[in-house]
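Scroll down for the structure; my scribbles are underneath it.
Just so you know, these numbers come straight off a predicted model, no measurement behind them. We name chains A, B, ... by the order of the sequence lines, and we start the count at 1 in each one.
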Amino acid sequence: MLYLHSFEIMKILVPISNVPDTTSKISFTDNDTRFNGQGITWIVNPYDEWYALVRALELKESGKADKVTIIHVGLSDSEPTIRKGLALGADDAVRINAESSDSLYVAYQIADYAKNNSYELILTGKESIQYNGSAVGSMIAALLDYPFLSQASFLDLNGTTLTLHVETEGGIKVVEGQAPAVVSCAKGMAEQRIPNMRGIMAARTKPLQTLDPKPFRQNVKVRNFGLNPGRSECKLFTEDQLDKLVEALHKEAKVI
Amino acid sequence: MGADNFQYHDYYLVDELLTEEHKQIREMVRAWVKKEVSPIVEEACQKAEFPRQWIKGLAEIGAFGPYIPQEYGGAGLDQISYGIIMQELERGDSGLRSTASVQSSLVMYPIYTFGSEEQKRKYLPRLAKGEIIGCFGLTEPDYGSNPAGMITRFTDKGDHVVLNGAKMWISNAPIADIAVVWAKDDHGEIRGLIVERGMEGFTTPETHGKWSLRASATGELVFDNVKVPKENIFPNIKGLKGPLSCLNSARYGIAWGAIGAALDCYDSALRYSKERIQFGKPIAAFQLTQKKLAEMITEITKAQVLTWRLGVLKNENRATPAQISMAKRNNVHMALTIAREARQIHGGMGITGEYPIMRHMMNLESVITYEGTHDIHLLITGLDITGINAFS
């Protein structure tokens, strides 16, 4: 009885992250405490967009879902990224006006919205490409007491029955589940979709609602960032320099 | 061609002068070009074929008449959006951009600006959707830079006119469903009319053997006693001002487009020079290579700022034809010079289809000639600043 409404209308919620384009030059400001956004192109996290959002739209287009809503926890500077999602075809969007790098805080805000607005299916990307946390999806599931179906490369929906493929080492696992659920989406679930001009123009007037965050503790914050030292120079040895190679591995690389 | 790893370059943060929608449109067009154009453009050029499947895609990304109002099927966007679309298309290939330029600025623009309400309703929505393709007939075998001397003419026959003559170097001619043709009436005045494929006596022989714009179809328009209904004549324009205002719009788009070709060459040269090792170090470490690359990004940056400013003036309806000439001339020459320098940085690889350089370079030889030659645009600037006509 609790989810009676779910048989009448299937609404999909797609949380999206606002991330720097993959080709961005990464640098930091304010004593390495903030990411330097100068000249950076911001995009919808590819796992959220290409797999979760596009599959949600496909399910809606095939009549298996009724509505697709984008949700994002972030400040107003991420609105262009949200509009990109609307241009792809989502019906509406919600922005929870808060800045946070605490996954549980973000998950709490999304779970709270999903619960109050009866979303039965939540599709996330398997991870975001800036922090690679892979944490928010499972946390939303735990907070809502929904099953969490992780890293799906295929998803179909019949009524409230979900069929998923999960790729394993050298094989595939076919999983069946029931909505309400949270699914994290991996490569293969859908093909990248390019918005068209009609989509971009329609996105201008689609509803983008801004909500204040619900009070919740924030226990984690980033103290500072650093870059990888990068690869050091490569040394080449010829076949007859075996002794020199062993010596270098022992004395310089200190691995043997 | 190898994988399209193009990355945008914006040295002076000109992006901050654009709206979010401009950037969104740019990303959309770039994504489409990477997905649908780059993988096949090389083969299309080698075979000298226009890939017809591009037409539907061009329509979906809004490349046909982006600034035509929505009520006529356009996207109702501003001039900077139009420029950005042309830039991203030409980043892929100048021939692709030519197809979109012609449809937008040389076919839809004159129908929208000079056409009757019936003509607008009849043709514009179908042109915007790519259901029909148009071409533009002004240049003749003996009248290129001097269009006023055109020979093509029509005579009044009561309810219709009879058109005779020939047009040459017409982009899209072999695939076009309609042609916007400029011809002289019985009084010797230049008028515009819409000629439809299928009208008796109208043929469009293809121009073969091009070494440039090979992925774009070029041909002639031949009119042999073609009966054209009078309702196909533009009611609202007489004289050379008609075709020249179309060229203004197209030249403005070319000014943007050339930046795209230049960026593609620069981007490829920059990446190649950091990967190619000679004398034990990347060739980017040599001063002569750095000089080439530094000059390229300097010229691109100047063109980006110039063209953005021209876009603002165009949006405010204040851009003069002479200002547009300056941008077209500067930017196409800039792009051609960069293509040649980038070709050298790529060494022998630069002449192969593995890289886009040689294709851009050969395409730009057409771009520097069509829509007003490099020299003619210089004389337009000369006339504008001295007040003295040096054309003839």
Side-chain angles (χ1 to χ4, degrees), chain A residues 16 18-27 36-46 49-50 53-54 70 74-90 93 95 190-206 208 230-231 233-236, chain B residues 4-16 18-37 56-70 73-78 81-82 84-85 88 100 104 128-130 267 270-271 277 280-281:
Chain A
I16 62 168
N18 181 36
V19 301
D21 189 10
T22 46
T23 56
S24 304
K25 276 188 190 148
I26 306 296
S27 63
N36 180 7
Q38 171 105 324
I40 294 288
T41 303
W42 295 88
I43 59 170
V44 181
N45 175 42
E49 179 190 323
W50 298 6
L53 178 57
V54 174
I70 290 171
L75 301 180
S76 62
D77 56 3
S78 54
E79 288 198 358
T81 301
I82 300 171
R83 291 263 174 228
K84 286 179 202 170
L86 292 172
L88 278 172
R95 182 173 66 81
E191 288 256 330
Q192 182 193 2
R193 197 178 268 199
I194 297 170
N196 57 30
M197 187 61 84
R198 226 179 32 219
I200 288 179
M201 287 162 59
R204 286 177 184 169
T205 51
K206 281 183 181 172
L208 197 173
R231 268 188 303 185
E233 212 177 314
C234 187
K235 236 180 204 182
L236 292 172
Chain B
D4 183 352
N5 297 316
F6 176 76
Q7 285 178 36
Y8 192 61
H9 299 274
D10 180 19
Y11 203 76
Y12 261 37
L13 308 180
V14 181
D15 266 14
E16 291 175 12
L18 303 177
T19 65
E20 283 306 326
E21 193 170 79
H22 289 145
K23 287 182 260 186
Q24 217 176 327
I25 289 167
R26 188 176 64 199
E27 278 173 44
M28 165 189 67
V29 181
R30 188 176 304 151
W32 179 76
V33 167
K34 283 196 175 194
K35 188 161 178 254
E36 304 292 341
V37 176
K56 188 168 170 279
L58 285 167
E60 280 174 4
I61 60 171
F64 292 151
Y67 55 81
I68 300 292
Q70 286 176 279
L77 297 171
D78 71 344
S81 304
Y82 172 55
I84 285 170
I85 294 171
E88 290 302 318
S104 299
K129 284 188 201 135
D267 180 65
L270 180 63
R271 197 164 328 106
I277 309 289
K281 51 187 176 183

**OP:** Kindly indicate whether the side chain of A:T41, heavy atoms from C-beta on, has any atom under 4.5 Å from the side chain of B:E27.
**Re:** yes
Original post:
What part of B:I25 lies closer than 4.5 angstrom to a heavy atom of chain A: side chain, backbone, both or neither?
Top reply: both
**OP:** Could you tell me the separation between the CD1 atom of A:I200 and the CD1 atom of B:I61, rounded to the nearest 0.5 Å?
**Re:** 9.5 Å
**OP:** Would you mind checking which part of B:E20 comes under 4.5 Å of any heavy atom in chain A, side chain (CB onward), backbone (N, CA, C, O), both or neither?
**Re:** side chain
Original post:
Which pair of heavy atoms, one from B:A75 and one from A:M201, lies closest together, and at what distance?
Top reply: O-CE, 3.3 Å
Original post:
Who in residues 75-86 of chain A is close to chain B, using a strict under-4.5 Å heavy-atom cut-off?
Top reply: A:P80, A:R83, A:K84
Subject >> chain A contact via B:K35 - which portion, at a heavy-atom distance below 4.5 Å >> reply: side chain
Original post:
Roughly how far, to the nearest 0.5 Å, is the CD1 atom of A:I194 from the CE atom of B:M28?
Top reply: 9.5 Å
**OP:** Can you tell which part of B:Q7 gets under 4.5 Å to a heavy atom of chain A, answering side chain, backbone, both or neither?
**Re:** side chain
**OP:** For B:W32, look at atom CH2 and say whether over 12 heavy atoms of other residues, nucleotides or ligands are found less than 6.0 Å away.
**Re:** yes
Subject >> Over 12 foreign heavy atoms within 6.0 Å of CD, A:Q192 >> reply: yes
